[in-house]
Number of protein chains: 2
Amino acid sequence: MSNCDTCLVRNRAICSALAPEELGALAKLGRKQMVTRGQTLVWEGDEALVVANVIQGVLKLSVSTADGREQIVGVVFPSDFIGRPFGKESPYGVTALTDAEVCIFTRAAFDGFAKEHPDLQHRLLERTLDELDRARQWMMLLGRKTASERIATLLLEISNRLGSTSCSAITPFLDEFDLPMDRQQMGDVLGLTIETVSRQLTKLKEADMIALPDRRRVVIKDRRRLENIALAA
Amino acid sequence: MSNCDTCLVRNRAICSALAPEELGALAKLGRKQMVTRGQTLVWEGDEALVVANVIQGVLKLSVSTADGREQIVGVVFPSDFIGRPFGKESPYGVTALTDAEVCIFTRAAFDGFAKEHPDLQHRLLERTLDELDRARQWMMLLGRKTASERIATLLLEISNRLGSTSCSAITPFLDEFDLPMDRQQMGDVLGLTIETVSRQLTKLKEADMIALPDRRRVVIKDRRRLENIALAA
DNA sequence: ATAGGCTTTTGACCTAGGTCAATGCCCCGC
DNA sequence: GCGGGGCATTGACCTAGGTCAAAAGCCTAT
């Protein structure tokens, strides 16, 4: 892997825990890799041989039943960490939702390096705790929220995640953005069917809370009202 | 806190990462505490001032909406770790499902100690990664499984968790046990109503896969068949 | 033993969201 | 500009699970 200095996520990925010379050592172990939309990086149930940092793009973590039902159990944005360090097979698959760029390591090499660098492990722990909190919030959504509450929550979540990812550190969130997934995938994140997703989106559009200029684009026109729905109050 | 040597979870809690003298130092920071069923240790949304190890008993982590819907987002067994180290308010409440005993620390004291002990942090990281995997499996359940699949999964999960907790290291899981929760709480874990839980349990009983000698007790009579349902195959 | 207050079960009915089937829309290559 | 292959939307209908209400168990205290 070449130059961490110019890395887009240098200051936000777990690498930010490292001093320049340590960073150099880690860099030798990894390499940048392009991933195209739809490409799978890790298969569900396989031994997890790689871990990675996301530099650009969005990926999904997903689980399927034997009879083909799918649930997306995580959506990963730039600066997020991918993978299951320290042994274990991966209980979910990792697939690119958009074209993406990742900084990839073999698990063995990464594990070894992490053991020697407590600061890195500390950052990883904080990140994992945050992921866990997010997963639990999503459990509430999947267990107890209605379809419209789910859709509102997803739109706001994506707006926030894309916002805090974007270059300008000013934006706390975006009021206009492209969805990094299609309707089927929205359904798979929300535990809904594609038809229900579509119907709820048109409802929000008709209520003038959002606009949908094209398939992918979303404009949030009334964040306040959308938040009220999302909170399930 | 007095004597870690006689602690029931000495070898399974994160403390097992520590050498005897380190353990002594940690012990000085914490104390054992009894918690009675229904008692809340941490409130949802409060700053998380304590962390703890569970010694005996079972506790729930739960999230509620403004209008009173509740979702249980985690169930914690002996040797499990409770709390949100390193800042942040707790995004969920922690309440005892049964009478319990915990080994409790102020977050500040624990954080300080953890920073000095990479091995402890490593164990905590592994545990958090496991929790995250479990949470994601549960997201699949909440998003995509039917009521009977959910019930079957829960019964097997409790059987396994209680089994690996129990004294005899021989038992991989138990075929007979007391549920550490009532019907309402089962519903809150599974994203179902109390009536649906009850109906599905009687179905499993009528199909002779389980027996229910009294309110709390469960006997697994046909694990194979129950597993088939749980897998959603 | 008996009354009262629980949790749980059962029954009858309803509805949010799923299913199935068109239809529409957009993009791209010709 | 025209045709075809995907996605997305819309409509008509169905069902798993929710809701509401009533019984049935069960503990505990008297």
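Numbers restart at 1 for each chain; the letters A, B, ... are given by sequence-line order, proteins then strands.
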[X] has an atom [atom1]; how far is it from atom [atom2] of [N], in whole Å?
| X | N | atom1 | atom2 | value |
| --- | --- | --- | --- | --- |
| B:Ile194 | C:dT7 | CD1 | P | 8 Å |
| B:Glu195 | C:dC14 | CD | C1' | 13 Å |
| A:Arg37 | D:dG6 | CZ | C1' | 12 Å |
| A:Arg216 | D:dG6 | CZ | C1' | 12 Å |
| A:Asp188 | D:dC7 | CG | P | 14 Å |
| A:Gln184 | D:dG6 | CD | P | 16 Å |
| B:Arg69 | C:dA16 | CZ | P | 13 Å |
| A:Lys203 | D:dA8 | NZ | P | 20 Å |

Among D:dA8, C:dG18, D:dC26, which nucleotide has an atom closest to any side-chain atom of A:Arg199?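 For the A:Arg199 side chain, the nearest candidate turns out to be C:dG18.
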
Given D:dG17, C:dT10, C:dC25, which nucleotide is nearest the side-chain atoms of A:Arg215?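 Selected nucleotide: C:dC25.
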
What nucleic acid atoms does B:Arg183 come within less than 4.0 Å of, heavy atoms only: base, sugar-phosphate, or nothing?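 Counting heavy atoms under 4.0 Å across all strands, the contact made by B:Arg183 is with sugar-phosphate only.
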
Base, sugar-phosphate alone, or nothing: which one does A:Gly191 contact when heavy atoms must sit under 4.0 Å apart?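 Sugar-phosphate, backbone atoms only, no base.
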
Would A:Arg223 count as a cation-pi partner of A:Phe173, with NZ or CZ less than 6.0 Å from the six-membered ring centre and within 45° of the ring normal?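 Yes, a cation-pi geometry.
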
Over 12 foreign heavy atoms within 6.0 Å of CZ, B:Arg216: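 Yes, because the 6.0 Å sphere around CZ of B:Arg216 holds more than 12 heavy atoms from other groups.
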
Does [X] put a side-chain nitrogen or oxygen below 4.0 Å from OP1 or OP2 of [N]?
| X | N | result |
| --- | --- | --- |
| B:Thr202 | C:dT9 | no |
| B:Ser198 | C:dT10 | no |
| A:Thr193 | C:dT19 | no |

5'-most contact on DNA chain C: A:Leu192 or B:Met181, nearest heavy atom basis?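 Counting from the 5' end, the first nearest nucleotide belongs to B:Met181.
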
Would you compute the distance between atom CD1 of B:Ile158 and atom CZ of B:Phe77 and round it to the nearest 0.5 angstrom?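 Atom-to-atom, B:Ile158:CD1 and B:Phe77:CZ are 5.5 Å apart.
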
Side-chain (A:Gln71) to main-chain (A:Asp188) donor-acceptor, under 3.5 angstrom: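 Indeed, once roles are kept as given, a pair shorter than 3.5 Å links the two residues.
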
Do the ring centers of B:Phe81 and B:Phe110 come within less than 6.0 Å of each other?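 Yes, close enough.
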
